[in-house]
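Here's the structure we're looking at; comments come further down.
In what follows, every heavy atom counts, from backbone to side chain, and hydrogens, waters and symmetry copies are set aside. The sequence lines fix the lettering, A, B, ..., with proteins before strands; numbering per chain opens at 1.
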Number of protein chains: 2
Amino acid sequence: MNDLDLDGFLPYRLNVLAKRVSKELSRRYQQAFGIAIPEWRVMAILGREQPLSSNDIVERSHMDKAKVSRAVNTLVGLGHLSRDVHPGDQRLLRLSFTPSGRDLYQRIAPLALEWEAQWLTCLLPDELAHYKALCDRLEQQLDDMGAEEA
Amino acid sequence: MNDLDLDGFLPYRLNVLAKRVSKELSRRYQQAFGIAIPEWRVMAILGREQPLSSNDIVERSHMDKAKVSRAVNTLVGLGHLSRDVHPGDQRLLRLSFTPSGRDLYQRIAPLALEWEAQWLTCLLPDELAHYKALCDRLEQQLDDMGAEEA
DNA sequence: CCATATCTGTTTCAGTTGAAACGAGTTGGC
DNA sequence: GCCAACTCGTTTCAACTGAAACAGATATGG
């Protein structure tokens, strides 16, 4: 059981796969819209729910707060987001799309989904569902392993 | 079809999952042996085949040559690798374990495999096989998509 | 042979990262 | 009320990253 074949070692395989996909997508976002993956994630999250605070985005995006802060700042600078202060609690931001931001979102979301769809043509629908379900369980197991350490 | 749910977007899901796993493993490597993931990958590759040149490791590890160069340098500095010059071609290195390196490998490989095994207890054996097979196909599809661009 | 192209591994450099320190705002206990 | 503890988002800082420049060694071809 000491056979350490890197190609069969799942942490390695997942890392290589995820990195290739990210690289491919980020190249497209950059080329088409001049933004990187953190900015794209902020857009994707705000596309579903608005307005949100930075912390809301941190929770929904699995990014740390420094990264979110910088991505939001970039998007505000590009004119895609408006950053208002919450009336009742001045620590909180109220982030939402500007008209330009909404327009960007409506062009960027289809690009991402089309690329994903083309990638996933190699799987049958129920294979994909099964794959996602197994990803869920792998993630759940990480939660459990983390929890039992404490 | 414009419903961009980040949690159902596979590139995002894979990225989050891969990052969590990497973080967990690298914490362990660092704590137990004082090395990071690039160093660990070099060790894993040399554990199967020796001696190798830096370029051989680049090809087998999916790391770029700068990263390999730095990881090798770290391991040589720690006394785990010997870096000799190839007699017939002085551009090439001949990298191999020192006794200390072999010893490190024999302790580090089981640690990685045990952690992986514990993580994968959440899947039945044939579920795992299926999952890996689907990963292969997803990676193959990336190859195909890249090839047809040219 | 000599000039040029190619290959190897290292180094440089500008950009990115995340942990930690931070300032401003708010809450809770007394 | 007031002080301490906490929360939110920004900034700092040291480490890491990879593309590109690089230097040395080898191959090619005229």
Side-chain angles (χ1 to χ4, degrees), chain A residues 15-16 18-27 29-31 34-42 45-46 51-78 81-96, chain B residues 15-16 18-27 29-31 34-42 45-46 51-78 81-96:
Chain A
N15 209 41
V16 171
K19 195 142 207 175
R20 283 187 72 178
V21 171
S22 285
K23 193 169 183 179
E24 192 59 37
L25 270 179
S26 79
R27 198 171 60 79
Y29 299 153
Q30 188 68 51
Q31 182 178 324
I35 65 174
I37 287 190
E39 286 77 28
W40 184 85
R41 284 196 187 170
V42 170
I45 286 167
L46 285 171
L52 292 176
S53 71
S54 286
N55 234 7
D56 293 332
I57 296 176
V58 167
E59 284 167 8
R60 288 162 175 71
S61 70
H62 281 98
M63 299 193 288
D64 65 83
K65 60 187 184 171
K67 209 176 213 171
V68 170
S69 171
R70 291 187 266 243
V72 164
N73 206 47
T74 299
L75 289 169
V76 171
L78 290 171
L81 292 190
S82 77
R83 172 169 43 194
D84 306 316
V85 178
H86 187 101
D89 184 341
Q90 301 186 39
R91 293 169 304 181
L92 297 170
L93 300 181
R94 291 178 76 245
L95 298 165
S96 47
Chain B
N15 209 42
V16 170
K19 195 141 206 174
R20 283 188 70 179
V21 171
S22 284
K23 194 169 182 177
E24 192 58 37
L25 270 179
S26 79
R27 197 172 60 80
Y29 300 154
Q30 188 67 50
Q31 182 179 323
I35 64 173
I37 287 190
E39 286 78 28
W40 184 85
R41 284 195 187 171
V42 170
I45 286 166
L46 285 171
L52 291 177
S53 71
S54 286
N55 235 7
D56 293 333
I57 296 176
V58 167
E59 286 167 8
R60 288 162 176 69
S61 70
H62 280 98
M63 299 194 287
D64 66 83
K65 59 186 183 171
K67 210 177 212 173
V68 169
S69 172
R70 291 187 265 243
V72 164
N73 206 47
T74 299
L75 290 169
V76 170
L78 290 171
L81 292 190
S82 77
R83 172 169 41 192
D84 306 315
V85 179
H86 187 101
D89 185 342
Q90 299 188 37
R91 292 170 302 182
L92 297 170
L93 301 181
R94 290 178 76 246
L95 298 165
S96 47

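- DNA chain D is contacted by both A:L92 and B:P38; A:L92 maps to the nucleotide lying nearer its 5′ end (nearest heavy atom per residue).
- Not a single donor-acceptor contact under 3.5 angstrom links the side-chain atoms of B:K67 to the base of D:dG18.
- Rounded to whole Å, atom C1' of D:dA19 lies 17 Å from atom CE of B:M63.
- Counting to the nearest Å, the P atom of D:dT11 and the CG atom of A:N73 are 7 Å from each other.
- A distance-only check finds no donor-acceptor pair linking the side chain of A:Q30 to the backbone of A:R27 [under 3.5 Å].
- Here the C1' atom of nucleotide D:dT17 and the CZ atom of B:R41 are 13 Å apart, to the nearest Å.
- Regarding B:D64, its CG atom lies at a distance of 5 Å from the P atom of D:dG18, rounded to whole Å.
- Here D:dT11 presents its P atom at 13 Å from NZ of A:K65, a figure rounded to the nearest Å.
- Taking atom CD of A:Q90 as the reference point, atom P of D:dC8 lies 15 Å away to the nearest angstrom.
- One finds a side-chain N or O of A:S69 lying less than 4.0 angstrom from the OP1 or OP2 phosphate oxygen of D:dT10.
- For the pair B:P51/B:H86, no side-chain contact is recorded, criterion being any heavy-atom separation below 4.5 Å from C-beta on.
- No option in A:N73, A:V76, A:L93, A:T74 other than A:V76 meets the side-chain contact (heavy atoms from CB on, under 4.5 Å) test with A:L81.
- Taking side-chain N and O atoms only, A:K19 has a distance below 4.0 Å to OP1 or OP2 of D:dG18.
- Look at CG on B:L81: it is 14 Å from P on C:dG9, rounded to the nearest Å.
- Scanning atom types as modelled, no donor and acceptor separated by under 3.5 angstrom connect the side chain of B:R91 and the base of D:dT26.
- For the atom pair B:L46 CG and B:S61 OG, the distance stands at 10.0 Å (nearest 0.5 Å).
- Listed pair A:R83 / D:dT10 meets the phosphate criterion, a side-chain N or O lying under 4.0 Å from OP1 or OP2.
- Atom CZ in A:R70 sits roughly 11 Å away from atom C1' in D:dC13 (whole-Å rounding).
- Here the NE2 atom belonging to A:H62 is positioned 12.0 Å from the NZ atom belonging to B:K19, to the nearest 0.5 angstrom.
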